[in-house]
Amino acid sequence: MTDSCDVSAFLMGLEPEQLESIKLKLEKLIKQRHEEREKQQQAHLNRPKLPPTFHDLDTLAANTGLDLSGLIKDIKRRT
């Protein structure tokens, strides 16, 4: 927030019912964000630890962004 005085003045001008409505919306938003964060953490924990295996060289090459000859050159360079 840039000007806390402006926000405070705005909030002071609201009725108690309006403040309660804002409070409920903020609590709902916080709960949604917390749930989303928990889902992301669970998804991160459930990811496989090992890279995927490929039984086809063409699929492996496509996944690495190389053509088949580029993949073979890359493998030779690493060995």
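Just so it is clear, the values below take in all heavy atoms, side chains as well, and ignore hydrogens, waters and symmetry mates.
- Not counting sequence neighbours, Q42 has no partner by the side-chain hydrogen bond (donor to acceptor under 3.5 Å, both in side chains) test.
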Which pairs of donor and acceptor atoms, one on a side chain in residues 21-35, lie under 3.5 Å apart (sequence neighbours left out)?
residue: H34; atom: NE2; partner: E38; partner atom: OE2; Å: 2.8

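- Hydrophobic cluster membership is shared by L19 and F10, with clusters built from Ile, Leu, Val, Met, Phe, Trp and Tyr side chains linked at under 4.5 angstrom.
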